[in-house]
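Quick one: this structure, given as structure tokens, is what I'll be asking you about.
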Amino acid sequence: MIAARLRDVFRSRLIWPVIALVALLVTNVIKSPGFLSIRVQDGHLFGSLIDILRNGAPIVLVALGMTLVIATRGIDLSVGAVVAISGAFALSIVGDAPDPNDLGVVLGAAAASIVFAIVLGSWNGLLVSVFGIQPIIATLILMTAGRGIAMLITEGQILTVSSAPYKVIGGGYWFALPASIIIAGVMFALVAILTRKTALGMLIESVGINPEASRLAGVSARVIVWTVYTFSAVCAAIAGLMISSNVTAADANSAGLWIEMDAILAVVLGGTSLAGGRYSLTGTLIGAFVIQTLTTTVYSIGIAPEITLVFKALVVIAVCLLQSPVMNTRITKMRMRRRRTPAVAPTRATVS
Amino acid sequence: MTATTNRPAGAEPGRGGTAGGGSDRAAGAGLLMSGRRREAGRRAAGGGTPPGGSGATGQHGIAEWLGAVVSSRYASVLVTLALLIVTFAVGSIRYEGFFSGQVALNLFVDNAFLIVLAVGMTFVILTGGIDLSVGSVVALSTMIAASLLQSGWSPPWVILIVLIVGTTLGLLVGLVIYYFDIQPFIATLAAMFLARGFCYVISTNSISIVDPFFTAMADARIPVGPGLKITPSVIVALIVVAIAFVVLHYTRTGRTVYAIGNGGPSAMLMGLPVRRTKVLVYAISGLCSAIAGVLFTFYTLSGYSLTAVGMELDAIAAVVIGGTLLTGGSGFVLGSVLGVLVLGLIQTIISFEGTLSSWWTRIVIGSLLLVFIILQRVLTLRRR
Amino acid sequence: MSVAVDPVPLVEMSHISISFPGVKALDAVDFRMFPGEVHSLMGENGAGKSTLIKALTGVYGIDSGTITLDGEPLVIKSPAEAQNAGISTVYQEINLLPNLSVAENIMLGREPRRFGGIAWKKTRAMAAELLTQMRLDIDPASLLGSHSLAVQQLVAIARAIAVRARVLILDEPTSSLDADEVAELFRVIRSLKDNGVAILFVSHFLDQVYEIADRLTVLRNGALVGEYRIEEILRIELVRKMIGKEIAVLDDIDTRTRAQAVETETATATAVPFLEASGVGRKGSIEPFDVRISEGEVVGLAGLLGSGRTELARIIGGADRTDSGEIRIEGKPRRLSTARSALKDRIAYSSEDRKREGIIEDLTVRDNIVLALQADRGWFRRIPRRRQDELAASYIQALGIRPANPEALLRNLSGGNQQKVLLARWLAIAPRLLILDEPTRGIDVGAKAEIQRLVANLAEEGMSVLFISAELEEVLRLSHRIVVMRDRRKIADLPNEDVTVTEIMGLIASGADA
């Protein structure tokens, strides 16, 4: 019976973002009835929904890494900077190559970017897990310095490189679908499999819920924490490749600006608590699409796009307040009052 | 008693400071100068002109002074002071026209707003919190000021409204942290978003300011010596620093700020008004951000929603470099001023260098922040 | 109770009850203190000592009962109000501010002021005067954090009496002091007592209690056992009252273990023990000790709270580092510097603090059971789901975990069932040595009996067990050998042959000369 109730609660965690997503979609359909239609043109799928998926892909990726970091009671503010660095690094390699249109060059550049991100992520992980610096501060350092590094790579210019294979990452199509959707989908599936088919997911949650108890159970928290920060940077780097490819330019200043906000928002919306512990990848996925749909909706129904940010901020505040310990106890109390059944009493009595 | 127990912990940084200050100046500013040391040496040896002598004696004195008081609680501030002086000396040797009173004063002129911002941040960090919203509040302040002036409001009212908005926002953040027991960084992160959003709502374009009072404040120069001038903003900033100093050191509220930062239930068990003070520091930080916003409009004469992006990082870096522990409880507002000056000096050096692009600033600030954070960790661990 | 009638108690707490969700922390407890006396509050873990203190100092509100001070009814809602009423507290984990000066720590919140600001000179002078009064030579301008814990403790007392405290509560003030420092502290306490201050002295050290206290109150399981003058209660009686008596639940285990004890003793005398610690200690935590644990042997650790019993267990379990001595496992030297390395040697440590150091409350019963085994295998080699389910199901059945649902979140289980899940977690790694620190505390009698039976069975199958419990009957019933701890020292190591509870209590209560 308890389990059933829990399942309800768990379900209700996902239900809110789903309702938000549906409400947004319905708003769009009312405003423009053709919103949901998807048409095929030149063997590619087009439509507003596809746009939402495509534009949401970078947020999904960054939020994916962020989910795992947050599950360990951490936070990664440096993802925006990593996005900028990876785009700049890859494009500078492609740009310097004799033939920017060579597929090998593009793949090499992408791989190099990801390796660079692994270095940056391990750096964050080192500061958090070995030096014991608070995650916000540790990642703040890379957030600050990272844009500078990106600027250094682009030499202060906005790098523009025309390379057909590179363009595919963010703007091309595979199997009639935008490549970015497929990349994000594959990453999502990989993470889901990696965390749920290995013990990584459980150990991450265990470290996030009770680090001391985990340590005494022999969990090597350091390795776990290190891994999630590295992984977060890798996700950000792939997002960076996508963003730079989509606009065929690397802008060290504005690439990935505020994306850490969007990612945190997506995670929080998806029902993962910022206090760490249990996480939901599906929730994050839905959360990311809520954000992207929101952005699209604001444009399509003619609200000044400037308001999006205010709106997002209010949503973050509302969700955080709902998740706060104070509200939790209040809600629990309300429930307890409602269920003043004797069935609860004996279990309570045995609790020490 | 202090001296005997503390000496082992304090001694090493002291020695480090001495080495950096005395034998090899460049090493002291290694972050900035790595790889350029040789060049500097060559210049100095090749009859490089003015201030080498005076600089050297000055540093010698400081090295001794450092050694004497390194075990005190001012050690971290003194490290920053030494860093400041060494950096300034390095700049003076490397660049023509660097060693002048006006260059030093310009550090205040160009960073008056950052000083005010760092003062507010010092309060918050001393309690063990953090305020990520300050940059956005600065931007919002410039936007409110510019748009109200544009629609014909008179400057005193505009400034008053800006200050009220900033303080209110800070107060709200404080109350949210207080009532809902939310981690400060999340609450201020949301406020950062919100303030930036309000900027966009006001306008996405830059609004320039033509109000005579504001332009007068921007152009005014107050002579403070032969050929030396400062702006009214500097005076405002110094007044804010002075008030903050008095509040932190001579009022119970100030001491409670320190007590809270000590962590744990001590402050509450000692019967201090912990919760009220916790709310208050965010209101203070909001007020300081608003004042900084006004000073920033004096400096730029415009309002722009994308201005001051990342300024919260500068403020945090200044506070940390100024010797305030990120975990709270220890630090000085004057240290934060020194921190701002260090950041300003780095910027000045980079602009003097000419060939070095301005984005080096970010990297150097980030590295400096890292070095100081690790220093803090090492020192606190050793003290334990 | 045969207490000589003093005129008016300074503090009188009558019928105080306090409940927390699921627990009655204090049940109609009476407590009183007279001016100019040192009163000791005695009791084991969970007796309600700290709850009573927190009720008196306004940290917790009381559900029912009354408090009077000097005959006047008193309602205290916060520590500040308690202070204003003249009740000051020095907590065990000295709640002062190491980052501020000694003077400030004494005067904070009541500094003299000038022009609205703090008058520092006067503040320092006042602090200095107070310290001189206490005959302490401490520079008031120095940072508190630069002083030893003993000095900090004395500063805390200085702060407490700076408000003209009439009641001074000292919670475990001597737990980190050496003998000289204790003497210094007692000197200060006596002079305060002479000035008419009522002092509540809480300590685990019986010697100290007998040295300084005039009167004592014993609590057990949130209820009052009694109030006694120090000269009318013998140590052994006191220990008995603190620990209490329990009806033997498992008499069969009792006899079986004792028969086996002799047998094990002779069998393992020559063989290499599974674990042998020699001269292992940790500064400020436990004096160097020797301990041998043979295969299939249950070693019981007896001692009061704070006697070093938990510290010993933590060291062997790898939870704390040592700074002296050597641990050998099957004759080979080993460094058990982390719980992980101890687990590699198949030593499992189950902490006494179930909530903070045991359960992962938001994970399921199944996840909690497989956690240690999984951590040992590394994250990549996940235990196949089917195997996990088998493990969970078998332990749920074997230990009778309720609800019998592997998917239930651990936070929704009762304390006893959470404890069983933790046992299952350790059993799943097939430990060779299982360290159980108060595994039966705060759980109901049925679960307690099941856990005891389990321990006996495991030992019979060859597992070594180090068993800690505040209940001596339980220790005697289960152990083959008993190690007695007192004042952070191992004071006895005896085979459980004809040992009685009274004998052990005698050892625990024995004076410094014993």
Side-chain angles (χ1 to χ4, degrees), chain A residues 1-7 9-10 68 71 73 193-228 272-273 275-279 328-329 332-333 336 343-352, chain C residues 21-23 46 317-319 338-344 348-351 353-364 367-368 370-383 385 402-403 405 407-409 412-419 422 425-426 429 441-444 447:
Chain A
M1 189 181 149
I2 292 174
R5 200 178 297 157
L6 278 170
R7 230 170 283 141
V9 173
F10 184 69
L68 299 186
R73 289 192 177 180
I193 290 168
L194 197 68
T195 54
R196 293 306 178 198
K197 290 297 160 189
T198 70
L200 193 58
M202 183 187 73
L203 295 181
I204 285 173
E205 291 185 338
S206 151
V207 167
I209 295 167
N210 191 340
E212 185 56 18
S214 305
R215 185 179 77 88
L216 288 177
V219 178
S220 41
R222 260 182 201 183
V223 176
I224 303 275
V225 170
W226 210 321
T227 312
V228 294
T272 301
S273 161
R278 304 217 84 168
Y279 65 88
N328 264 336
T329 41
T332 329
K333 265 187 200 158
M336 295 256 265
V344 185
T347 31
R348 275 184 62 201
T350 53
V351 173
S352 77
Chain C
V23 196
T338 61
R340 196 172 165 75
S341 59
L343 284 163
K344 287 256 177 271
Y349 165 65
S350 175
S351 164
D353 193 342
R354 187 168 59 227
K355 194 161 170 52
R356 228 176 55 75
E357 298 185 337
I359 60 168
I360 313 282
E361 55 177 14
D362 281 333
L363 287 186
T364 61
D367 286 344
N368 268 284
V370 301
L371 182 65
L373 186 62
Q374 181 64 66
D376 186 44
R377 287 169 63 117
W379 66 267
F380 192 73
R381 297 194 311 135
R382 177 172 178 264
I383 303 165
R385 180 56 189 263
R402 293 287 171 278
N405 174 8
E407 301 301 323
L409 291 190
N412 295 322
L413 269 62
S414 71
N417 280 303
Q418 287 180 350
Q419 189 65 51
L422 290 183
R425 175 193 295 169
W426 305 123
I429 65 161
R441 188 197 337 150
I443 65 179
D444 59 88

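Side chains are part of it too, since the values below use all heavy atoms of this structure and drop only hydrogens, waters and symmetry mates.
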| field | Proximal component of A/L203, with respect to chain C [non-hydrogen, under 4.5 Å] | value |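 Only the side chain of A/L203 comes within 4.5 Å of chain C.
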| message | To the nearest 0.5 Å, what is the distance between CG on C/L371 and CD1 on C/I360? | response |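 Result: 5.5 Å between the selected atoms.
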| Side chains of C/T364 and C/L409 in contact at under 4.5 Å (non-hydrogen atoms) |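 SC-SC contact between C/T364 and C/L409 confirmed.
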| said: Out of C/G317, C/A342, C/A375, return the one with the most heavy atom pairs under 4.5 angstrom to chain A. | reply: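 Among the listed options, the one with the most contacts to chain A is C/A375.
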| Which atoms of C/L343 approach chain A - backbone, side chain, both or neither, heavy atom under 4.5 Å |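 Just its side chain gets close to chain A.
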| message | For chain C, which candidate among A/G277, A/P211, A/A217 shows the most heavy-atom pairs at distances under 4.5 Å? | response |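 Of the candidates given, the most pairs with chain C belong to A/A217.
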| Interface residue of largest heavy-atom contact number with chain C, from A/L194, A/L200, A/T227, A/V223, under 4.5 Å |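 It is A/L200.
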| query | What part of C/Q418 is in contact with chain A, defined as an atom under 4.5 angstrom from a non-hydrogen atom: side chain, backbone, both or neither? | reply |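 For C/Q418, neither part sits under 4.5 Å from chain A.
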| field | Residue pairs involving residues 211-221 of chain A (criterion side chain to side chain donor-acceptor pair (under 3.5 Å); sequence neighbours excluded) | value |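 Counting only pairs at least two positions apart or across chains, the side chain to side chain donor-acceptor pair (under 3.5 Å) contacts touching residues 211-221 of chain A are A/S206-A/S214, A/E212-A/R215.
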| said: I'd like to check the side-chain hydrogen bond (donor to acceptor under 3.5 Å, both in side chains) partners of C/K344; sequence neighbours left out, ordered by chain and number. | reply: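 In terms of side-chain hydrogen bond (donor to acceptor under 3.5 Å, both in side chains), with neighbours along the sequence ignored, C/K344 is linked to C/D376.
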| said: Quick check for you: among C/E357, C/K355, C/R425, C/Q374, which has the greatest number of heavy-atom pairs under 4.5 Å with chain A? | reply: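 The option with the most such pairs is C/E357.
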| said: Between C/I359 and chain A, with a heavy-atom cut-off of 4.5 Å, which part of the residue counts as in contact: side chain, backbone, both or neither? | reply: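 It is the backbone, since no side chain atom gets that close.
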| query | Which distance, rounded to the nearest 0.5 Å, do you find between the CD1 of A/I209 and the CE of A/M202? | reply |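 Rounded to the nearest 0.5 Å, the CD1-CE separation comes out at 10.5 Å.
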| said: Is it the case that the side chain of A/N210 and the backbone of C/R356 share a donor-acceptor pair, with hydrogens and angles ignored and the cut-off at 3.5 Å? | reply: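 Yes, A/N210 side chain to C/R356 backbone: donor-acceptor pair under 3.5 Å.
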